Number of protein chains: 2
Amino acid sequence: MRISARTQYALGAMLALAAADGPLHAEQIAVSQDIPRRFCDNILLQLRRAGLIQSQRGPDGGYWLARPAAEIALADVIRVTEGMEPVSRPLPKAAAPLAGIWAELRAHQDRLLGETTLADLVTH
Amino acid sequence: MRISARTQYALGAMLALAAADGPLHAEQIAVSQDIPRRFCDNILLQLRRAGLIQSQRGPDGGYWLARPAAEIALADVIRVTEGMEPVSRPLPKAAAPLAGIWAELRAHQDRLLGETTLADLVTH
DNA sequence: GCCTTTCTCTACTTTATAAGTAGGGATAAT
DNA sequence: ATTATCCCTACTTATAAAGTAGAGAAAGGC
């Protein structure tokens, strides 16, 4: 499956925000999810730029979800942190018959991750 | 999805062997599958050690499948080249609710790759 | 026995990606 | 003004993937 630490962290942060009542500080998220402090900033920035969360600066600042948790799929988060996959190198010739298999795996994955929302995983 | 070049190459080599009548040289496999020559050796060695293929040295040497193509699943090959996944680092806390999702993805993947054999993909 | 062809093995180098860090700048509240 | 917070670019370090090198061993033909 291979899932990067960055993505795990991002999902953890999003789930933390989904479970919280109001805004959370980067500090709170980092501590509660065991994310290295500066790396957490880094990831939150990326999530904000992607439009998944919103933020406010200064004291009383913090982060919160841009949309209801029920409207944010895991795939939305993963798409951001994993980025667009690098244009596949010219595939080995015999990869051709395998293309169908990869496509099917990808399809199932997209379906599951596209249908599961943050709300589905938050235990209130 | 993330699939290494090594694994793509290994699957290509195995499919080439499955499609061939008799033994093939590393050279033939490397050329037909666009695998860097020495890297191909490297991979074939790994496949032989794993018991998926057999070999013979000297002139008239070459490689062939250790079992019928219909009895070698893609998962058998992938397991070899991807190796055992490194003991997962202490997962981020919030990863907990995600475990079920990862497990389901993995299960589907294992099923599909475990059921599809080389014979299913060779176009005679 | 010698020569050629092929696989066998260990170890190394290079390249790419992920993971994490640093240092300062901008904004909002008090 | 001061403080707490997010914002931003760029850098460093760690890890893994990709690929290479060089010598050794078996098998067959002569």
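Reminder, nothing fancy here: chain letters follow the sequence lines and each chain counts from 1. Keep in mind it's a predicted model, so treat the numbers as computed, not measured.
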Whole-Å gap separating P (C:dA19) and CD1 (A:Ile3): 10 Å
Below 4.0 Å: OP1/OP2 of C:dA18 and any side-chain N or O of A:Tyr9: no
Nearest to side-chain heavy atoms of A:Pro59, which nucleotide of C:dC9, D:dC7, D:dA4: D:dA4
Atom pair distance, as rounded to whole Å: OH in B:Tyr63 and P in D:dA26: 15 Å
Nearest heavy atoms of B:Asp76 and B:Val80, plus distance in Å: O-CG2, 3.4 Å
B:Phe39 side-chain proximity, nearest of D:dG19, D:dC7, D:dA10: D:dG19
Exercise: identify the closest heavy-atom pair between A:Gln28 and A:Leu24: OE1-CA, 3.3 Å
Presence of B:Arg49 side-chain N/O under 4.0 Å of C:dT10 phosphate oxygens OP1/OP2: yes
Whole-Å gap separating P (D:dG19) and CD1 (B:Ile43): 9 Å
Spacing of B:Asn42 atom CG relative to C:dT10 atom P, expressed in whole Å: 12 Å
Separation of atom CD1 in B:Ile29 from atom C1' in C:dT6, rounded to whole Å: 12 Å
Below 4.0 Å: OP1/OP2 of D:dT5 and any side-chain N or O of A:Ser55: no
Shortest side-chain distance from B:Pro36, nucleotide among C:dA29, D:dG19, C:dC9: D:dG19
Min side-chain heavy-atom separation B:Ile53-B:Met14 under 4.5 Å: yes
C:dC9 OP1/OP2 closer than 4.0 Å to side-chain N/O of B:Gln46: no
Separation of atom CD in A:Gln28 from atom P in D:dA4, rounded to whole Å: 15 Å
Given C:dA29, D:dA17, C:dA19, the nucleotide with the shortest approach to the side chain of B:Ser4: D:dA17
Touch class at under 4.0 angstrom, heavy-atom based, for A:Glu27 against every strand present: nothing
Shortest side-chain distance from A:Gln56, nucleotide among C:dC7, C:dA29, D:dA23: C:dA29
Nucleotide of C:dT6, D:dT5, C:dT21 approaching B:Arg57 most closely (side-chain heavy atoms): C:dT6
B:Trp64 CH2 - C:dC7 P separation (whole Å): 10 Å
Shortest side-chain distance from A:Arg38, nucleotide among D:dA23, C:dT5, C:dG24: C:dG24
Check: B:Gln46/B:Thr81 side-chain N/O donor and acceptor closer than 3.5 Å: no
Length of the CG-C1' vector between B:Leu45 and C:dT6, whole Å: 14 Å
Heavy-atom donor-acceptor pair, B:Arg37 side-chain to D:dG19 base, under 3.5 Å: no
Verdict with supporting geometry, B:Ile78 and B:Leu11, side-chain contact (heavy atoms from CB on, under 4.5 Å): CA-CA 8 Å; B:Ile78 295 173; B:Leu11 288 168; 4.3 Å; yes
Distance test, side-chain N/O of A:Arg48 to OP1/OP2 of D:dC8, below 4.0 Å: yes
Residue closer to the 5' end of DNA chain C, A:Gly58 versus A:Glu82 (nearest nucleotide): A:Glu82
Side-chain touch B:Tyr63/B:His25, heavy atoms, less than 4.5 angstrom: no
